[in-house]
Amino acid sequence: MSSRRSRSRQSGVSRITDDQITDLVSKLQQLIPELRGRRSDKVSASKVLQETCNYIRSLHREVDDLSDRLSELLASTDTDSDQAAIIRSLLM
């Protein structure tokens with residue numbers, strides 16, 4: 001038995017099984033628009049993880065863009081206007 005496995009068992013940490021990893025990768029694949037329609041047996045775990053990272057990066061960019069647009073909108077809006085009140089209510 002490898003020292004890594006024996007340490008894991010000795011410390012009481014449960015190991016994840018290959019079936020659990022396969023299940024988790026399949027669930028992850030269903031969350032990624034780029035991979036959603038593909039058959040899970042045709043997509044490698046590596047590809048799923050790679051596309052997941054790409055998708056998370058694109059979501060971060062989208063959040064940053066929306067945050068910038070919101071900041072610009074708030075800066076150009078009178079703070080006492082109805083429009084500013086609506087924006088504030090949406091943010092809370």
Side-chain angles (χ1 to χ4, degrees):
M1 184 182 317
S2 75
S3 63
R4 186 175 175 192
R5 284 186 183 168
S6 62
R7 272 185 277 141
S8 174
R9 288 191 179 143
Q10 290 170 357
S11 66
V13 176
S14 63
R15 291 184 41 84
I16 190 166
T17 66
D18 288 346
D19 287 341
Q20 289 171 317
I21 291 172
T22 301
D23 185 51
L24 290 170
V25 168
S26 178
K27 288 177 181 177
L28 188 57
Q29 180 180 348
Q30 296 307 310
L31 297 172
I32 307 303
E34 188 73 22
L35 301 174
R36 194 173 291 144
R38 297 186 187 177
R39 288 183 38 197
S40 50
D41 60 338
K42 297 290 182 185
V43 181
S44 69
S46 173
K47 177 72 172 172
V48 172
L49 294 174
Q50 194 173 39
E51 289 298 328
T52 300
C53 290
N54 292 339
Y55 185 58
I56 291 169
R57 281 188 204 100
S58 75
L59 290 174
H60 277 286
R61 283 192 300 273
E62 190 173 342
V63 166
D64 289 343
D65 290 346
L66 290 171
S67 178
D68 290 345
R69 288 174 51 195
L70 180 59
S71 294
E72 290 170 6
L73 181 62
L74 288 173
S76 67
T77 304
D78 178 18
T79 57
D80 295 327
S81 71
D82 290 338
Q83 187 179 20
I86 292 170
I87 293 170
R88 279 194 301 276
S89 72
L90 291 171
L91 295 174
M92 296 183 177

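Here the structure is a predicted model, which means the values were calculated and not measured.
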Note to self: So which atom in A45 and which in V25 form the shortest heavy-atom distance, rounded to 0.1 Å?
What the structure shows: CA-CG1, 3.9 Å
Are more than 12 heavy atoms from other residues, nucleotides or ligands located less than 6.0 Å from atom [atom1] of [X]?
{"X": "D78", "atom1": "CG", "result": "yes"}
{"X": "D18", "atom1": "CG", "result": "no"}
{"X": "R69", "atom1": "CZ", "result": "no"}

Next item on the list: Can you run down the salt bridge (Lys or Arg N to Asp or Glu O under 4.0 Å) pairs that involve residues 22-33, sequence neighbours left out, and say none if there aren't any?
Entry: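 Salt bridge (Lys or Arg N to Asp or Glu O under 4.0 Å) check on residues 22-33 returns D23-K27.
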Checklist line | L66 CG to S71 OG distance, which is reported to the nearest 0.5 Å | finding: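 Separation between the atoms: 10.5 Å.
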Next item on the list: Only counting residues at least two apart or in another chain, list the ones meeting side chain to side chain contact (heavy atoms under 4.5 Å, CB included) with T17.
Entry: D19, Q20
Which atom pairs, donor and acceptor, lie under 3.5 Å between side-chain atoms of residues 49-59 and protein residues at least two apart or in another chain?
from	atom 1	to	atom 2	distance (Å)
E51	OE2	K47	NZ	3.1
T52	OG1	V48	O	2.7
N54	OD1	R57	NH1	3.0
N54	ND2	Q50	O	3.4
S58	OG	Y55	O	2.8

Check: Can you tell me if S67 uses its side chain to pair, donor with acceptor, with the backbone of V63 under 3.5 Å?
Finding: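 Not at all, since once roles are kept as given, no pair shorter than 3.5 Å links the two residues.
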Next item on the list: Find out whether Q83 and I87 are in side-chain contact, i.e. whether some heavy atom of one side chain is under 4.5 Å from a heavy atom of the other.
Entry: yes
Margin query: Are L24 and I32 linked, directly or through intermediate hydrophobic residues, by side-chain heavy-atom contacts shorter than 4.5 Å (ILVMFWY only)?
Written below: yes
